[in-house]
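Just so it is clear, the values below take in all heavy atoms, side chains as well, and ignore hydrogens, waters and symmetry mates.
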Amino acid sequence: MSRSSVLAAIAALALVTAGGSTATAGQVTTTPLRGGSIALSGADARAFAVPPGMVRLWTAQRADGGTQTRYQQMVGTASVVGGQLTVLTDKSGRTTAVIGAYFPGLKAKNSASVSAASARGAAAQRVGAAGKWSSALRIDPKDGRLFHQVVSQRMDQRWVQWVDASTGAVEKQYDAVAHGDGVGVKGDTKQIDTRRIGGTFFLRSADGRQETYDAGNKQVQPGTIMTDADDHWNFNKPKLLSPSQAPGVDAHFYANVTDDFYAGVFGRDSLDDNGMPIISTVHFANRYCNAFWNGEQMAYGDGDGTTCISLSGGLDVVGHELTHGVTEFTSNLIYENESGALNESFSDMMGNTIEFYAAEHGLDPAGSPDWLIAEDVYLAPDVAPGFRNMSDPREDDDPDHYSELLVGDTDNGFVHSNSGISNHAYYLAVNGGKNAGCDAVGSNGHQHTADCDVTVPAIGLNAARTVFYNGFTSLPEFANFCDARNATMAVAGANATAINAAWAAVGVHGGCTPGTPPPPPCVSDPDAAVPFGTPHPYGNNGDCMWVYDNGSGGFAFHFSLLDTEKDFDFVTVSDASGNVLATYTGTSRRAVTSPCISTPTGSVHFTSDAAVTAQGFTVDAVVAC
């Protein structure tokens, strides 16, 4: 076998083992010492101490009497991308689970010489100056670089751009508006909560928790609050265009149902858990067959009359979109690739769960709970009964197994399609059974053999919704399917066997690779203090320098560890003039002292290639010479 083949095989093995979970059906354990993803339960969780550099973001009371506390890792004034930890306790205050990611020893490799204002200017050149702007200084643990995360909030767009804090270059750009899929109004009569001011009734609840506006079939935010003269909201035009009241009635009523669901089931005080008003806008744009959460409020189109009708008419649509708001204030899953698919999937899970909640409490007599998305308002049942099907994702050509994950730039990395994988895991956890793709007859002619030996035991909706809510609201922001699996396992308790099987049935197994990036291969230090060195083991593609100031010449570095891939990774010692005094590669079986350095400062330079890694080096002392 060639060296390149060997390196590829070892690299592939590293992806499976390094930083991965060692979860079994009964317990989740990870080793957080090297940094990266953490999903702890049992004794590991009880022994966990919040590491330094973490700032508490929020604490929420859980319905079972316990708490959920979210922490953010900081490096100076920069928040770490993905560096979030969520600690869950029971009602006695004992820690039951720790979920998230942490990156020890992370230091910035560049300076924040570009101001926030300049970063905004660079971002505006790409998307225009419109909207409400905000920015935050962040650090990417993949490479240790500082950047400004600049956000332009508009009615139907939410541009997020990463602007390098040193160069001002835009490194990433995506639209984070969480679009949903939905359609129509069913024509049933509902009792709604309104407020009378003078002789006019406003579509604003008495407690101020829900407000509903009319955009007049324009792209405005939020529009004009809907009003009525006699509190009988029954004025409607053909095709329910503005100012028809039926879309507003449904948006308002279903927002209240969703609010009651989160309060009654999870003890959550509105989307932000702090009583924020739920703002809805109907009649958004013209012939708009969609709905979305834009980071501040909901918006619903009236549909095109062919594919869909007024979007606010589907309870699962409203519940789906408002759950994007819950995600916004908890895990804040980045809206692209696997984290974006989990974002969409959690909204699907809760949207359908809210339908079952409404049926149990008699809140939506015209609707029936099921595992379809937007079926009540979809006008093309000959194509598919809804936009997505959690019981059989392949019915809508969505993957039902991780081996079928779609990759590419479409739809922010196929966030709506790939949600089918975790959607199906949730469905199986509730109902039990095998992956739908194991039956070609029941899966739109599609069939696969992977994991068809897995049969999931059903735990029922009430247990599943608690496990997935606690797990998904605790995830770090760029979690992948593996992180979601580990998080739900960490909070599964007595249901761990079923949750493990549900994820295995969709191809996400214990020992999978978490989505958070590994710590950087090394971090340079211009003011190194003994001891110093690489992580153990170090990572690929390292290029770091440590500069030590002895105050005077006549000293040498003492290496207690020298272990690199021979002839591919190197440790070099130089003096202040850049003269190379020694180069080391391979493994030393004993301690090594460098040549004498005659200048007051000296440096150690480390480089690693893209393949095999080893334990690196440690300078544990400086000796006179």
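With rounding to the nearest 0.5 angstrom, the CD atom of E321 is 15.0 Å from the CE atom of M350. Within the model, atoms CD of Q221 and CD of E296 stand 5.5 Å from one another, a figure rounded to the nearest 0.5 Å. Separating the CG atom in D273 from the OH atom in Y262 is a distance of 12.0 Å, to the nearest 0.5 Å. For the atom pair CG (D525) and CE (M545), the distance works out to 12.0 Å, reported to the nearest 0.5 Å. Atom CG of D400 is separated from atom CG of N423 by 11.0 Å, given to the nearest 0.5 angstrom. Separation of atoms OG (S417) and CG (L405) is listed at 10.0 Å; rounding is to 0.5 Å.
Counting heavy atoms from C-beta outward, V114 and D164 have side chains that stay 4.5 Å or more apart. Annotation: side chain of I421 is in contact with side chain of P399 (closest heavy-atom distance under 4.5 Å). Looking at T69 and V50, their side chains never come closer than 4.5 Å, going by heavy atoms from C-beta outward. The shortest distance between side-chain heavy atoms of P141 and V81 falls below 4.5 Å. No side-chain heavy atom of H320 sits under 4.5 Å from any side-chain heavy atom of F387. Using a 4.5 Å heavy-atom threshold, the side chains of Q61 and T67 count as touching. Looking only at side-chain heavy atoms (C-beta outward), Y335 and V160 stay at 4.5 Å or farther from each other. Side chains of P51 and L85 form a contact here, defined as non-hydrogen atoms less than 4.5 Å apart.
Taking the six-membered ring where the residue is Trp, F617 and F606 present tilted rings, their angle falling between 30° and 60°. Below 30°, between 30° and 60°, or above 60°: for F472 and W503 the angle between ring planes is below 30°, a parallel geometry. Between F147 and W162, the two ring planes are parallel [angle under 30°; tilted spans 30° to 60°].
In terms of heavy-atom proximity, P514 sits nearest to C482 at N-SG, 3.7 Å. For K109 against D543, the heavy-atom pair with the smallest separation is NZ-O, 4.2 Å. Across all non-hydrogen atoms, the minimal contact from I278 to S270 is CG1-OG, 3.9 Å. Nearest heavy atoms, Q68 versus T473: NE2-OG1, 2.9 Å. Of all the heavy atoms in I499 and A429, the pair that sits closest is CD1-CB, 4.1 Å. Between D483 and G515, the shortest heavy-atom contact is OD2-N, 2.8 Å.
Results of the side chain to side chain contact (heavy atoms under 4.5 Å, CB included) test with S419 over E344, M349, E338, M390 single out E344 as the only residue that passes.
Residues S134 and Q153 bring no donor and acceptor atom of their side chains to less than 3.5 Å of each other. Side chains of D563 and T587: a donor on one and an acceptor on the other come within 3.5 Å. Judged purely by distance below 3.5 Å, without hydrogens or angles, the side chains of R485 and Y402 never pair a donor atom with an acceptor atom. No donor-acceptor contact under 3.5 angstrom links the side chains of T601 and D549, judged on distance only. In summary, the side chains of Y538 and D569 do present a donor paired with an acceptor at a separation below 3.5 Å, with no hydrogens or angles considered.
Between Y584 and F559, the ring center distance clears the sub-6.0 Å criterion.
Counting non-hydrogen atoms of other residues, nucleotides and ligands closer than 6.0 Å to CG of D567 gives a total above 12. Atom NZ of K172 has more than 12 heavy atoms from other residues, nucleotides or ligands within 6.0 Å.
Qualifying ring pair (Phe, Tyr, Trp, His ring centres under 6.0 Å) partners for Y174, counting only residues two or more places apart in sequence or in other chains: none.
The pair R388-D398 fails the salt-bridge criterion, with no side-chain N (NZ, NE, NH1 or NH2) lying under 4.0 Å from an Asp/Glu carboxylate O.
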### Query
salt bridge (Lys or Arg N to Asp or Glu O under 4.0 Å) between R145 and E171: does it pass, once the steps are laid out?
CA-CA 11 Å; R145 292 194 68 82; E171 302 295 342; over 6 Å; no
### Message
Pair V491, T96 - check side-chain contact (heavy atoms from CB on, under 4.5 Å), show working.
### Response
CA-CA 8 Å; V491 298; T96 57; over 6 Å; no
### Task
Please step through side-chain contact (heavy atoms from CB on, under 4.5 Å) for the pair M54 and Y102, ending with a clear verdict.
CA-CA 9 Å; M54 305 298 294; Y102 175 67; 3.6 Å; yes
### Task
For the pair L581 and S594, evaluate side-chain contact (heavy atoms from CB on, under 4.5 Å) and give the outcome as yes or no after the intermediate values.
CA-CA 8 Å; L581 305 179; S594 75; over 6 Å; no
### Task
I would like to know whether W133 and V150 meet side-chain contact (heavy atoms from CB on, under 4.5 Å); could you show each step before the answer?
CA-CA 7 Å; W133 291 80; V150 183; 3.6 Å; yes
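One N or O on the side chain of D411 and one on the backbone of H416 form a donor-acceptor pair closer than 3.5 Å. Side chain of T86 to backbone of S474: a donor-acceptor contact under 3.5 angstrom is found.
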